[in-house]
Structure formats: structure tokens, C-alpha cells
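Residue numbering restarts at 1 for every chain, and letters A, B, ... go by the order of the sequence lines. Worth knowing before you read on, the calculation uses all heavy atoms, side chains too, and leaves out hydrogens, waters and symmetry mates.
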Protein chains: 2
Amino acid sequence: MSLRIKDVASQAGVSVATVSRVLNNSNSVKPETYEKVLQVIKEMQYKPNAIARSLKVKNTKTIGIMIPDISSYFFPEVVRGIEDVANMYDYNIILCNTDLNRDKEQKYLQVLTEKQVDGMIFMSNIITKELGAKLKSLQIPVVLVSTDYEDLPAVTIDNHEASKRMIEYLIEKGHDRIGMITGKEDDPIAGISRIEGYKKALQDRGREIDCSLIVAGDYRFNSGYQGGKKLLTLSQRPTAIFAASDEMAFGVIKAAAELKLAIPTEIAIAGFDDIDMSQKIVPSLTTIAQPMYNMGAVGMRLLTKILNGEDIETTKIVLDYSLVERETS
Amino acid sequence: MSLRIKDVASQAGVSVATVSRVLNNSNSVKPETYEKVLQVIKEMQYKPNAIARSLKVKNTKTIGIMIPDISSYFFPEVVRGIEDVANMYDYNIILCNTDLNRDKEQKYLQVLTEKQVDGMIFMSNIITKELGAKLKSLQIPVVLVSTDYEDLPAVTIDNHEASKRMIEYLIEKGHDRIGMITGKEDDPIAGISRIEGYKKALQDRGREIDCSLIVAGDYRFNSGYQGGKKLLTLSQRPTAIFAASDEMAFGVIKAAAELKLAIPTEIAIAGFDDIDMSQKIVPSLTTIAQPMYNMGAVGMRLLTKILNGEDIETTKIVLDYSLVERETS
DNA sequence: TTGTACGCGTTATCAA
DNA sequence: TTGATAACGCGTACAA
């Protein structure tokens, strides 16, 4: 078994209380004693047991992250942002992949609270009334990232406006028939908002909305590919396609390539997210850049403020996006 | 404050021992009592405190993962594999990004052991003697993934052979001048092995090794781009380039595009890893497929075996790779 | 089948 | 400036 605090205490000829004091460098310990104890700790290679400590102090310095899937493109960078500031404030992160599965979600929520995480960052599934209630009833602070619900703290971007902006840009580029591959239609954030933004931009310019130009996707490559095929084989095909995620936009690029359509001359393509790959592929992708790293970092920072009881101006943070013009448009 | 076990005990009119028994469904508790207690637990929404439990039973059901950076392309899928089987065996994962930084590595090692993780998966930095010794001296089981060191448990692929195989394939395709963009030259696994495989394949066919065709990279896009530029502007340029990572291969593709070289007719390109994007870009990338998800899953499975004291045939697991022929060759 | 009571390794209170 | 000792919430002898 490992060493305990009492082992170093007896070795150093002091009480456990004193050792504990130097460990948490609370004042009121004579410099000489302090040095002595530190010495012994080093010699014995004593490592405090954080579990025992947690039991006593009632915090664990760990937070939980719930995401759909770390292996999809959007999340790694967000998680990186979270981890960086978590690390800065001496928190560790427990990573949970929910696969948008309510049961896994439920289970993780349970074990995270059993494991007494100090807080949670949630960016998983669409937040139903039931889930929202659950999240609120937890005795644990939760920060939402890239999603929103009632009065829960959240960091987002203005999806509606961003989407609208992209369409306006496309219109300015002279496109008349603009197709869209949407996100999930029951997703208020990345789904509905972006569709509405698309429609709004068109309506503001007095244009008709042609439903045949809107096809449903699920953010993933394959739905973009299928949707692209569909749109691009229309008798009157669009001259531009806006996909609600970069990954779907890649699918459209593939579809266009198979149909031997030149990008952007015969078909312009735009995405949403600005995942790392978007600038690396040929042709590089025009897209709406979400500050993914920052969404994570800011979300985690907000969480630390809540945990420290710091003053917070607002619990609803809206970050800036930007339109990045590249080679596909 | 939250409910404690004694609260449900008194509410159910039994002792804490009995509640504990139904919680851990140890036998020897009368069915009626069992039901009763379960009922009360549900009613009161009692959630056991895993920290207190851990202190007693001396395990935490959590493991640590050390990786360089979750936001680079190789790792998310490996982590996903780990998390899936961890979840299967009721473990949670604490994710640590080291950035290949010895200090962060050191720090994480310390907090992971303080937090009493049951085991660790390590796939970070090159393992120096010092680090190796440290890893071994930990009282915690460690499994290496995509790296190796002395007698530590490890899951890898045969990098040397895989690299050799790719070059042989390129030679069979009729390529005479094959360039390579390498990994790090102090990395015995993904660096040196792949370089050696390249050389071996050439030598086996009685070919000269032209050092001007070998340029150093660091697995990342930009080094591939730079290396590609260099190789492709040689007076006698290669007809094929093999990059030691897919991300670097993407850089080569970009370089080729800028030089208006047709792929694969004027320049064939091959990568290593088979990250998800490689099949999605246009043209899709010929590459060596590493079973990333499985490397994580198998590594974690091995760790659970070690933790459960199960019989293990071998602690050195070598997984199969495959050559995936796509449009860039 | 059930209950009492001790111990897990800390921190913190209170006295000295 | 220090030390004894009571918590923290749970599991598990041991006794009943």
C-alpha cells in the first residue's frame, strides 16, 4: 500500500496536522518545521490521496464533459479549449460520449454526480423539457456550450444571423438559386436557426423560397453527399449550395466532383463551422467560422467563475462568428 | 447537503449495512427488505457518494488518458475506442493533453496518481529512459498505445512493415523516384520505423537511396506542405511522394495543386494513418490504414484485464494494418 | 438475515 | 506554533 500522511508525520517527528498544514501551505507553521516536513515528503515520495481529501473538503477538482462523439469534427477543438482552461484552474475533465443516446446520457449524468464532479459542460443532445429539468435539478453547476436552454448558463453564437449572413454573401456574389442542406429539423440551435437564417435572407431580398432547394441533413458527410447529389441533379440546379456544417459541405464537394461540376464556377459551395480541414482541402472551403476553441475555453471559464462564486455579468454569452471566404465560392 | 446512506436507512427502517447491501446487491438480504429499500432509494432519489466508496474500496473506476492533443487528427478516434470499452466495463476516463511537454506530462502523472486512477493509457511523448522508469515506478498499471517501451504493455502496428509495404506498392505501380516526408527522427515508432521501412523496400529492390528525396516533417499539415513544395520543385522531381501521416499528405496535395500538378498522373501521393478525412476529400487519399478505434479499444481491454487480474496471453499486441488504394495513386 | 462499529486518508476545530 | 481528535460517507468484519 501507499504511504499515508501519518507515515510522513511520524518520520518527520510531527503530527499529521502539521503535515497537512504544509501540504496545503496554510500559514502558522514554523519555517524550520516546514522545511523539514517538505524534505521528508520528497524523500519518501509521498503523494497525497486526493480521494480522501475530496471526501473531506467536498470538491473533487474534476468536471464532466458530455458530448455526442469526440470523433466527429466539431468537438475535439472545443474539448481542447475546455481542457486548457480547466488545467489552468487545476481541474481535470471526465469525457463522456453520449452518441445522442438518452440512456447513455442518463447513465453518465448519474455517474458524474455520484463521482461528485464539481461541475459539468454539456453539449450533447437537444435539450428536451425532461432533460432540461434534470440538468437544473442536479445539485451541480452546468454550462451549456453550443446549445441553450431557458436560464441555464450557455455560450453560443448567433446561428440565425450567421446563416443569414452567408446567404447574403452568396446573393451578392450573384447567385440566384441557392440550395441548402440543413441540420436536424428538431434542433433549435444548429438546425432550425440556420434554416430560418437562410429563409430570412432570401425573404429580405424579396425572393421566393423554393422548397425543392432545401434538403434535410444530419451534419455528417454522407447526408451532405446525398443531399448534394439530389440538388445537383435537379433539372434546374442551384448555382450555390450552403451546407449547415462543413462536413456536409465536403460531401457536396464530393458529389460535385463526381458530376464533373467545376467549383466554384459551375457550383459554389459554402459550409458552417470552419473545422480545421476546411482550410486544408483543395479547393478550400468558404464557411462560417465558429470559434470552437474559444467556445470551450469561455464555457469552462464561466464554469470556474460559477464554482468560485465570482461575480458574473451574464450567464448567456454570445461569441462572434465570421465569414471566411475561400476557394469554393 | 446531499442525502447520505443513513438517511435512507432510517427512512426505510433498516440499518446502513442493509442499505449498503442492496446498493452493492450482495446476497443475503430478504427479498422484501430489498424491495423496500430500493423503493426508498428511488423515492428519496438517493445517489451514493462514489468518493466515499472509493476511499473504502480503494478503486475509483476511472482511468487516465495521456495524449499529445485531442484536436489533432489521429487521437479522437483512438480515444473513442478507449471510452467505448471503458464504458462497457464501467470506467470513466480523465483526458489529459500533454502537448508533448515534459512538464505538463509530469504534472498530469502526479495528479492522476493523486486522484487514484485505477490505470492509465499513455500515448503521448517519446518515452525516454527517465519517463519509462517513472511509468514503471508508478503503482498504477499503464498500457501504451501506438508507442512502445521495454516490457510495458503496448498495442501497436508494425510500422516498419507497413511503410515498406506502401513503397513496394508504389514501385509496382511503376514509380521510380519516390520521395518521402518523414515523421520525427527521434521518434522510434512513427518516425524511424517508417523511414527504415521506406529504405528497406528500396534496398530490397536494389535501388539507390537518394537523400534529396527524403525530407523531414512533424506529422502536421504545414510540414507536409513545405516538404511537398520542396520535393515537387526539385529539378528531377519524384513521381510519387509518401508522407508519414495523412495530414502531411494533405499538405502535399495542396502543394501539388498550387504547382498545377495533376494527381495521380503527374504526382502520386500516399499517406499513413487513414484518418476519416482521407476517404472524404477529392481526390481521396491512398494510405496505410491504422485501426485507430481498435487500438484504443484493444488497449483499454488489455488494461481491464490487467486490472481484473485476468490471464493475459501477451502484453505486447500488434494489430493489423492495411493498404487502402484510392484516387491519389 | 440483520445491525453495530470500526476504518479508509484527509482536513479542520479546539486546546494547549 | 503545534497536537489530538472528530468528522467526511461508505463498506464490511463480526456479532447477534
*From C/dC8, C/dG3, D/dG9, pick the nucleotide closest to the side chain of B/Asn49?*
D/dG9
*Would you kindly give the NZ-to-P distance between A/Lys61 and C/dT10, to the nearest whole Å?*
19 Å
*asked:* Among residues at least two apart in sequence or on other chains, which ones pass salt bridge (charged side-chain N to carboxylate O under 4.0 Å, His left out) with B/Lys6?
replied: none
*asked:* Does anything in residues 36-45 of chain A come within less than 4.0 Å of DNA chain D? Heavy atoms only, and list the residues if so.
replied: none
*Of B/Ala52 and B/Tyr34, the one whose closest DNA chain C nucleotide lies more 5'*: B/Tyr34
*Rounded to the nearest Å, what distance is computed from the NZ atom of residue A/Lys6 to the P atom of nucleotide D/dA4?*
13 Å
*Can you tell which of D/dC8, D/dT2, C/dG9 lies closest to the side chain of A/Lys58?*
D/dC8
*Under the salt bridge (charged side-chain N to carboxylate O under 4.0 Å, His left out) test, residues paired with A/Asp69 that sit two or more places apart*: B/Arg80
_Residue B/Val14, side-chain atoms from C-beta onward, closest of C/dT1, D/dC8, C/dG3_ = C/dG3
*Let me know the distance between CG of B/Leu55 and C1' of C/dG7, rounded to the nearest Å.*
9 Å
*asked:* Pairing donors with acceptors under 3.5 angstrom, does anything connect the side chains of A/Tyr293 and A/Asp84?
replied: yes
*asked:* Checking A/Asp311 now: which residues fulfil salt bridge (charged side-chain N to carboxylate O under 4.0 Å, His left out) with it, not counting sequence neighbours?
replied: none
*Under 3.5 Å, side chain of B/Tyr219 to main-chain N/O of B/Lys184, donor-acceptor pair present?*
yes
Show me the donor-acceptor pairs, under 3.5 Å and distance only, between side chains in residues 296-304 of chain B and residues at least two apart or in other chains.
{"residue": "B/Arg301", "atom": "NE", "partner": "B/Tyr89", "partner atom": "OH", "Å": "2.9"}
{"residue": "B/Arg301", "atom": "NH1", "partner": "B/Thr304", "partner atom": "OG1", "Å": "2.6"}
{"residue": "B/Arg301", "atom": "NH2", "partner": "B/Tyr89", "partner atom": "OH", "Å": "3.4"}
{"residue": "B/Arg301", "atom": "NH2", "partner": "B/Glu310", "partner atom": "OE1", "Å": "3.4"}
{"residue": "B/Thr304", "atom": "OG1", "partner": "B/Arg301", "partner atom": "O", "Å": "2.6"}

*Rounding to a whole Å, what distance do you find between A/Arg4:CZ and C/dT10:P?*
9 Å
*Please, which pairs that meet salt bridge (Lys or Arg N to Asp or Glu O under 4.0 Å) have at least one residue in residues 115-134 of chain B, sequence neighbours excluded?*
none
*asked:* Taking side-chain contact (heavy atoms from CB on, under 4.5 Å) as the definition, give me every residue that meets it alongside B/Gln110, ordered by chain and number, with sequence neighbours left out.
replied: A/Lys47, B/Glu114
*asked:* Quick test of your reading: applying salt bridge (Lys or Arg N to Asp or Glu O under 4.0 Å), list the pairs with at least one residue in residues 9-18 of chain A, sequence neighbours left out, ordered by first then second residue.
replied: none
*Provide, to the nearest angstrom, the distance between the CD atom belonging to B/Glu35 and the P atom belonging to C/dT1.*
14 Å
*Using rotation axes that map the C1' atoms of four end pairs onto the next four (five pairs an end), what angle separates the end axes of the helix from C/dT1-D/dA16 to C/dA16-D/dT1, to 10°?*
40°
Could you give the side-chain donor-acceptor pairs of residues 149-156 of chain B under 3.5 Å, partners two or more places apart or in another chain?
{"residue": "B/Glu150", "atom": "OE1", "partner": "B/Lys136", "partner atom": "NZ", "Å": "2.5"}
{"residue": "B/Asp151", "atom": "OD1", "partner": "B/Lys136", "partner atom": "NZ", "Å": "2.9"}

_B/Thr33 vs C/dT2: side-chain N/O to OP1/OP2 distance below 4.0 Å_ = yes
*What pairs with B/Asp187 under salt bridge (charged side-chain N to carboxylate O under 4.0 Å, His left out), at least two apart in sequence or on another chain?*
none
*What does nucleotides 11-16 of chain D look like as a protein-contact string, B for base, S for sugar-phosphate only, - for none, at under 4.0 angstrom between heavy atoms?*
BBB---
